Asks: 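Structure provided below as structure tokens; questions to follow.
As the structure lists them, so they are numbered: ligands from 1, and atoms in each ligand from 1. In this text the structure is predicted, and so the values were computed from the model without any measurement.
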Amino acid sequence: MMPPVIAIDGPSASGKGTVAAQVARELGFHYLDSGSLYRLVALAAQRAQVSFDDEAGLARLAAGLDVSFDGGEARLAGESVDEELRGEACSAGASRVARFPAVREALLARQRAMRRLPGLVADGRDMGSVVFPDAALKVFLTATAEVRAERRYKQLIEKGMPATIDILLADLRERDLRDANRPVAPLVQQADSVLLDTSAMGIAAAVAFVLAQWRERVPGLF
Ligand code: DC
């Protein structure tokens, strides 16, 4: 039997990463932040001066990515790059490199290799549709663009980084459009996924919702 997967998909800044990581911790499962792989490809491309329009070059970088996750901290060729990955340059770059089928294909095996006992919580855009279509639980976690822009704004300000809410909102909308309308693995809610709108909900309630859904599906374990 394959280790169970909980797939949590949704748009940028919806809080799905925080929710997914906490669910994984609660259950003692492994955690895959698939967005960080696309961010790493964007960062590696920037450093190697590979254009965000060069599909073959980006796919080569993706296939050979020397990445490790040290206690959740991303390392590129041994160097800690967590801060850089979260910045707006990598966010925008990730959305651009993620358009290409060859890049997505090159990252597939790496993502599936994370499926290990006792189970995996994976967050991204296509966890339930492409990477783990047989996931035991699929959640589509979203919030309005305004709420997401507000959350991102607070995060950046807390970190002492400059931010303007109107610019963040416009960027989020642009990225949503690109992620939802691309021909491969677009961000859309799957018919077999559960909708979780966190516009008026805190992290703890969202985590509790996912855990309750999970327990409903595997009652024998609890
Ligand atoms: O989840 P995130 O914001 O870190 O993702 C960054 C970008 O990567 C996002 O614009 C879309 C892309 N992405 C993707 O196409 N597929 C995934 N499974 C995860 C992220």
Asks: Side chains of Gln155 and Arg151: do they bring a donor and an acceptor to under 3.5 Å?
Replies: no
Asks: Determine whether more than 12 heavy atoms belonging to other residues, nucleotides or ligands lie under 6.0 Å from atom CD of Glu83.
Replies: no
Asks: Hydrogens and angles aside, do Arg175 and Ser95 bring a side-chain donor and acceptor to less than 3.5 Å of each other?
Replies: no
Asks: Looking at Arg47 and Glu84, does any basic side-chain N land under 4.0 Å from a carboxylate oxygen?
Replies: yes
Asks: In terms of side-chain heavy atoms, does Ser12 have a donor or acceptor partner in Arg125 at a distance below 3.5 Å?
Replies: yes
Asks: Any chance the side chains of Ser199 and Asp197 put a donor and an acceptor closer than 3.5 Å?
Replies: yes
Asks: Around ligand 1, what residues show up once you keep those with a heavy atom under 4.0 Å from it?
Replies: Ser12, Lys16, Ser34, Gly35, Tyr38, Arg39, Ala94, Ser95, Ala98, Arg104, Gly124, Arg125, Asp126, Met127, Arg175, Asp179, Arg182
